[in-house]
Asks: 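The following block contains the structure, expressed as structure tokens.
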Amino acid sequence: MPALLPVASRLLLLPRALLSMASGSPPTQPSQASGSGYVPGSVSAAFVTCPNEKVAKEIARAVVEKRLAACVNLIPQITSIYEWKGKTEEDSEVLMMIKTRSSLVPALTDFVRSLHPYEVAEVIALPVEQGNSPYLHWVHQVTEAVSDSSTVLP
């Protein structure tokens with residue numbers, strides 16, 4: 001039992017947001033990072049897999065032009081192994097890493113689904129708790145023109 005004490009004391013050092021994510025409950029009240037003016041979690045990194053670079057580039061360009069994202073990185077040649085319709089599948093795909101305001105994730109998801117060739121498109125998003133303040137502010141600036149509640153379709 002004494003061996004557990006060092007582990008337990010290290011758990012106390014984990015950031016509150018990480019603990020709340022692990023527990024499945026949202027963080028209580030987002031606070032601004034000291035001096036930066038950034039509200040933790042107000043920017044998200046969304047991830048979308050695409051069957052090839054052509055599809056990924058088309059979707060990436062469209063989400064940036066519609067200001068649903070400030071930036072999209074394309075990560076080529078990933079291997080995805082997954083279960084689909086009772087079979088284990090393996091495919092080469094392109095991963096899109098999309099930076100956007102968290103409030104735009106629902107509209108981004110709807111827009112990606114409207115363009116994506118997959119029957120079930122992967123669109124998942126994780127909140128950004130901290131990072132380079134000027135970059136995070138830039139993401140907000142670039143995506144400001146889009147109303148949070150609007151759904152943007154092609």
Side-chain angles (χ1 to χ4, degrees), residues 14-85 87-154:
L14 287 172
R16 185 184 68 201
L18 183 58
L19 287 173
S20 65
M21 282 180 14
S23 71
S25 62
T28 48
Q29 187 74 306
S31 61
Q32 291 189 352
S34 59
S36 74
Y38 176 69
V39 176
S42 62
V43 167
S44 283
F47 300 91
V48 175
T49 51
C50 293
N52 57 52
E53 191 172 350
K54 180 179 185 278
V55 169
K57 281 184 178 181
E58 287 172 2
I59 294 172
R61 188 167 302 281
V63 298
V64 170
E65 287 172 354
K66 299 253 184 221
R67 294 185 169 275
L68 288 170
C71 176
V72 180
N73 302 110
L74 303 182
I75 304 164
Q77 300 176 357
I78 65 163
T79 300
S80 295
I81 300 171
Y82 56 96
E83 186 277 332
W84 183 248
K85 298 185 178 181
K87 292 175 58 179
T88 301
E89 303 284 348
E90 181 174 327
D91 286 309
S92 178
E93 295 182 297
V94 175
L95 178 64
M96 300 171 62
M97 186 171 67
I98 303 168
K99 277 71 73 178
T100 189
R101 279 187 290 133
S102 296
S103 60
L104 292 176
V105 170
L108 173 71
T109 301
D110 289 344
F111 186 71
V112 167
R113 288 180 62 208
S114 75
L115 297 176
H116 206 288
Y118 288 169
E119 185 178 335
V120 178
E122 174 186 354
V123 183
I124 58 173
L126 300 170
V128 175
E129 292 300 314
Q130 50 188 314
N132 179 19
S133 185
Y135 181 83
L136 298 170
H137 286 291
W138 171 77
V139 172
H140 272 275
Q141 274 185 313
V142 170
T143 58
E144 266 179 349
V146 177
S147 166
D148 293 345
S149 61
S150 68
T151 300
V152 182
L153 295 175

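This is a predicted model, so every value here is computed, not measured. Along the sequence shown, residues are numbered consecutively beginning with 1.
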Asks: Can you sort out the partners of R67 under side chain to side chain contact (heavy atoms under 4.5 Å, CB included), two or more places apart, ordered by chain and number?
Replies: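 Expected list: V142, A145, V146.
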
Asks: Are any of the side-chain heavy atoms of F47 and M96 separated by less than 4.5 Å?
Replies: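 The answer is no, as the side chains (C-beta and beyond) never meet within the 4.5 Å cut-off.
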
Asks: Does anything in residues 117-127 pair up under side-chain hydrogen bond (donor to acceptor under 3.5 Å, both in side chains), and if so which pairs, sequence neighbours excluded?
Replies: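 Sorted pair list: T49-E122, K85-E119, E93-Y118.
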
Asks: For Y82, give me all partners under ring pair (Phe, Tyr, Trp, His ring centres under 6.0 Å), at least two apart in sequence or on another chain.
Replies: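 Applying ring pair (Phe, Tyr, Trp, His ring centres under 6.0 Å) to Y82 gives none.
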
Asks: Apply side chain to side chain contact (heavy atoms under 4.5 Å, CB included) to E90 and list each qualifying residue two or more places apart in sequence or on a separate chain.
Replies: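 For E90 the side chain to side chain contact (heavy atoms under 4.5 Å, CB included) partners, ignoring immediate neighbours, are T79, I81.
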
Asks: Is a side-chain N or O of S102 found less than 3.5 angstrom from the main chain of G41, in a donor-acceptor match?
Replies: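 Pair found, side chain donor or acceptor close to backbone of G41.
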
Asks: Does atom CD (Q77) have a neighbourhood of more than 12 heavy atoms from anything else shown, all under 6.0 Å?
Replies: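 Count not over threshold, so no.
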
Asks: Not counting sequence neighbours, which residues clear side chain to side chain contact (heavy atoms under 4.5 Å, CB included) with L136? List them please.
Replies: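 Only Y38, V43, V128 meet the side chain to side chain contact (heavy atoms under 4.5 Å, CB included) criterion with L136.
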
Asks: Report the residues that fulfil side chain to side chain donor-acceptor pair (under 3.5 Å) with T109, sequence neighbours left out, ordered by chain and then residue number.
Replies: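 Side chain to side chain donor-acceptor pair (under 3.5 Å) check on T109 returns nothing, list empty.
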
Asks: Tell me, please, which residues at least two apart from Y135 pass ring pair (Phe, Tyr, Trp, His ring centres under 6.0 Å).
Replies: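 Testing Y135 for ring pair (Phe, Tyr, Trp, His ring centres under 6.0 Å), a comparison that skips the adjacent residues, returns W138.
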
Asks: Can you check whether A70's main-chain N or O pairs, donor with acceptor, with T143's side chain at less than 3.5 Å?
Replies: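 Side chain of T143 to backbone of A70, a donor-acceptor pair under 3.5 Å: no, none is there.
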
Asks: Please tabulate, for the side chains in residues 52-60, all donor-acceptor contacts under 3.5 angstrom to protein atoms that are two or more places apart in sequence or on a different chain.
Replies:
| residue | atom | partner | partner atom | Å |
| --- | --- | --- | --- | --- |
| N52 | OD1 | K54 | N | 3.2 |
| N52 | OD1 | V55 | N | 2.8 |
| E53 | OE2 | K57 | NZ | 3.3 |
| K54 | NZ | E58 | OE2 | 3.0 |

Asks: The criterion is side chain to side chain donor-acceptor pair (under 3.5 Å); which residues satisfy it with N73, sequence neighbours excluded?
Replies: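 So N73 forms a side chain to side chain donor-acceptor pair (under 3.5 Å) with K99.
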
